[in-house]
Amino acid sequence: MSALRLINETTTTVANTISITDVFSADFDIYKIVISGLNQDTNVANEINGIRLINSSGNVITASDYDYAVLGMNSGSSFDETRSTSASNIFMGQRADQVGDGSNNTVFYIFNPFDSSSYTFTLSQSASSDSAFDNINAKGIGVLHQTSSITGFQIYDSDSARPFESGSKIITYGLRVDS
Amino acid sequence: MPYGYLGQNTPNQTVSNSGVFDISSAADLTKQGKFGGSLELIEEQTVSSVSFIDFTSIQENKYDVHYMTVNAYTGSNINIRLRFYESGVLETANVYQQAHQWGASTGTFLEIKDTGDGEIEVANTTSDPSSAYVYLYNLGNSSKYSFTTSHSFNDDSDDNRSAFMFGGGVLPQASVVDGIRVMPLSGTITSATVKLYGVKQL
Amino acid sequence: MAGKLVQVATNTVSSAVASVTLTGIDSDDVYMCVISNVGGSVDNQAVRSRFTVSGTADSSSNYDRAQKVLRSNTTFSNSSGTGDPATYNFTAGGTGTQENANAIYFMYNFNNASEYSFCTWEIVERDNNGNCNGSQGGGVLTVAQACDGIQFFMNSGNITSGTFTLYKVI
């Protein structure tokens, strides 16, 4: 059997937040999440806030305990660096627009989410396009500097006028280690 | 007895990795997407002395995301580049967009970017082996653009250096991509092994 | 047909060790190495890696690398080098709270005796000042030989924690 195990597949509905809950457990230390064709429900070139983590109590962690660093690689302009050591989310350099004007596509890994004695780290790679910026790609890192047991994550956009479109896929895989 | 497991206690994991699976359990788990690999090998090609490598049966209607590995890709003027087939027709116009970070062991770092190119780059070198992985997104979706993210490393003895490149690209056309061409900047691919996978979904 | 990740070797450190070696590369497939929660015994020291030949780490000064270092607290940096005795791809970690490293390597051509052995890496860690950073790039051992694995060690001191796993991508 493969060490990479499909755990959850979520299809988005129109909403500002996409919460994937109860996907992290003691079964795996490392997870891989694949997002394909994430669109906005409205005609808008939009930067997505990123992800927030959900603890074992089911609460979205919104405290300013996230660090991140993202290299934004713009096809039509100079590359940029975005970073924070006290954010309320992990930004991953994602952008999206309505269907037909571009979308976001991301693969990211999460390390040690369920382990309450470890911080939770992320590695991400993203390819986006929208009507304002053509192709923008991103490579990023992040961490939640809390020793919390994390059981899920949320992709969100803070602008209530810019919900995500329905029909995009978010798939979570666990990377098994057999000792 | 769940999944034919012969022990006393059900293991605390999503999918049992020990014990005996009977036929019905295997079928049930397969239906749930929990049996078998999460990468499904579509095609493997090992080539020598070719101008390009085409994948034309990519099961784009089955997978939202594809994954490709390129190993031991050698030749002269040997960049790894991608073009897409749309309904069987290779898109050769300068319509691909891309942006990558490139860096060499000799200390040169460059932004590789274009809003109107004839291919999407994956590795940028003039000679010697390149290797890479590539994710490809939304190929089979007629309403969405087709994207890539990739990360490569290559040796470049002509310039006495080695280099990485990571980033991605897009064919900004809402179309069905039903084939992928892997090709050099020019010249011949002396040898390479390329594998195309579908990333499993329910 | 089913492709998959097949676990080849794993090691979880429960007490301090000088190094962790994962071997078992014996085919021309691409391999993936994943490490998590790696910590060291001496402050301000980085994780290093070397490739193994018949199980023994090659410590010759033939490692080249290039990487972009992403940093959450300051300007990103470029890092490169040729002729090193190991991969210099991690930043200096610490012995403080959660100053650990995580990484994903993809390994190419290791089994090929006629070619160099290549890696790409994607790293995220907290350094000895608690800052989140990570190198994104790759490296090569510029010796045409078959390599069968990878060894991790601290620049100084021991590895005190971490899980290291090698997979074959088939």
Side-chain angles (χ1 to χ4, degrees), chain A residues 1-6 28-32 65-73 79-87 90-93 107-125 138-148 173-179, chain C residues 2-12 14 32-39 67-78 91 96-105 120-127 129-137 161-170:
Chain A
M1 178 173 294
S2 175
L4 190 65
R5 313 275 175 88
L6 174 58
F28 305 91
D29 289 333
I30 301 167
Y31 296 80
K32 175 178 175 178
D65 286 343
Y66 298 95
D67 298 357
Y68 63 78
V70 176
L71 177 66
M73 296 169 278
F79 292 5
D80 55 66
E81 301 177 4
T82 309
R83 71 180 75 83
S84 177
T85 57
S86 57
I90 294 176
F91 175 65
M92 297 195 290
V107 171
F108 69 99
Y109 290 88
I110 292 184
F111 295 83
N112 319 312
F114 191 75
D115 183 356
S116 59
S117 63
S118 293
Y119 289 179
T120 300
F121 291 82
T122 65
L123 279 169
S124 63
Q125 56 184 268
K139 197 86 155 174
I141 59 172
V143 65
L144 169 65
H145 42 91
Q146 283 185 15
T147 47
S148 303
Y173 305 87
L175 187 56
R176 179 79 186 167
V177 176
D178 290 321
S179 56
Chain C
K4 50 189 174 182
L5 291 183
V6 177
Q7 182 175 313
V8 174
T10 191
N11 189 324
T12 297
S14 55
M32 174 181 174
C33 180
V34 181
I35 70 170
S36 63
N37 250 350
V38 179
Q67 57 213 9
K68 189 80 174 178
V69 186
L70 309 187
R71 300 181 183 276
S72 64
N73 65 310
T74 190
T75 305
F76 298 178
S77 57
N78 300 326
T91 54
T97 303
Q98 303 292 327
E99 292 175 352
N100 296 328
N102 309 273
I104 296 174
Y105 281 54
T120 61
W121 51 68
E122 297 153 85
I123 299 169
V124 58
E125 56 187 328
R126 292 181 83 242
D127 66 15
N129 294 310
N131 295 311
C132 179
N133 55 51
S135 296
Q136 320 298 316
S161 66
T163 298
F164 305 76
T165 308
L166 178 66
Y167 303 91
K168 177 164 61 174
V169 184
I170 62 172

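Not measured: the values here are computed from a predicted model. Quick note on labels: first sequence line is chain A, next is B, and so on, each numbered from 1.
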- Query: Is it the side chain or the backbone of Ile30(A) that comes within 4.5 Å of chain C heavy atoms, both, or neither?
  - Reply: side chain

- Message: For Ser118(A), which atoms come within 4.5 Å of any heavy atom of chain C: side chain, backbone, both, or neither?
- Response: both

- Which heavy atom of Arg126(C) sits nearest a heavy atom of Val143(A), and at what distance? CD-CG2, 4.4 Å

- Counting heavy-atom pairs under 4.5 Å with chain A, the top scorer among Asn131(C), Asn100(C), Ile104(C) is Ile104(C)

- Query: With side chains defined as the heavy atoms from C-beta onward, is the minimum distance between Leu70(C) and Tyr68(A) less than 4.5 Å?
  - Reply: no

- Message: Assess the residue pair Leu123(A) and Gln136(C) against the criterion (side-chain contact (heavy atoms from CB on, under 4.5 Å)); give the C-alpha distance rounded to whole Å, side-chain angles, the decisive distance to 0.1 Å, and a yes or no.
- Response: CA-CA 10 Å; Leu123(A) 279 169; Gln136(C) 320 298 316; 4.1 Å; yes

- In Å, rounded to the nearest 0.5 Å, how long is the span from CD of Glu125(C) to OH of Tyr119(A)? 15.0 Å

Can you give the donor-acceptor pairs under 3.5 Å from side chains of residues 161-170 of chain C to other protein atoms, not counting sequence neighbours?
from, atom 1, to, atom 2, distance (Å)
Ser161(C), OG, Asn37(C), O, 2.9
Ser161(C), OG, Gly39(C), N, 3.1
Thr163(C), OG1, Thr12(C), OG1, 3.3
Thr165(C), OG1, Thr10(C), OG1, 2.9
Tyr167(C), OH, Arg176(A), O, 2.7

- Query: For Thr74(C), is it the side chain, the backbone, both or neither that has a heavy atom under 4.5 Å from a heavy atom of chain A?
  - Reply: backbone

- Message: Measuring from atom CZ of Phe76(C) to atom CG of Asp80(A), what distance do you get when rounded to the nearest 0.5 angstrom?
- Response: 8.5 Å

- Query: Of the backbone (N, CA, C, O) and the side chain (C-beta and beyond), which part of Ser117(A) lies under 4.5 Å from a heavy atom of chain C, both, or neither?
  - Reply: backbone

- Query: Is the shortest distance from a Lys or Arg side-chain nitrogen in Arg71(C) or Glu81(A) to a carboxylate oxygen in the other one below 4.0 Å?
  - Reply: no

- Checked Val6(C), Thr75(C), Asn73(C), Val34(C) vs chain A; the most non-hydrogen pairs under 4.5 Å come from Thr75(C)

- Item | Residues Asn102(C), Asn112(A); criterion side-chain contact (heavy atoms from CB on, under 4.5 Å); working and verdict | CA-CA 10 Å; Asn102(C) 309 273; Asn112(A) 319 312; 3.5 Å; yes

- Task: Give, for atom SG of Cys132(C) and atom CZ of Phe121(A), the distance between the pair rounded to the nearest 0.5 Å.
- Result: 6.5 Å

- Okay, side chain of Ser72(C), backbone of Ala69(A): is any donor-acceptor separation there less than 3.5 Å? no

- With a 4.5 angstrom heavy-atom cut-off, which part of Gln98(C) approaches chain A: side chain, backbone, both or neither? both

- Item | Options Leu71(A), Asp29(A), Thr147(A), ranked by heavy-atom pairs under 4.5 Å with chain C, top entry | Leu71(A)

- Item | Taking every non-hydrogen atom, the tightest pair across Ile141(A) and Val124(C) | CB-CG2, 3.7 Å

- Determine, stepwise, if the pair Gln125(A) / Glu122(C) fulfils side-chain contact (heavy atoms from CB on, under 4.5 Å). CA-CA 10 Å; Gln125(A) 56 184 268; Glu122(C) 297 153 85; 3.5 Å; yes

- Message: Heavy-atom pairs under 4.5 Å with chain C - which of Thr85(A), Val177(A), Asp67(A) has more of them than the others?
- Response: Val177(A)

- Task: Show your reasoning for whether side-chain contact (heavy atoms from CB on, under 4.5 Å) applies to Met32(C) and Leu175(A).
- Result: CA-CA 11 Å; Met32(C) 174 181 174; Leu175(A) 187 56; 4.2 Å; yes

- Residues forming a side-chain contact (heavy atoms from CB on, under 4.5 Å) with Ala103(C), sequence neighbours excluded: Ile35(C), Phe90(C), Tyr105(C), Ile123(C)

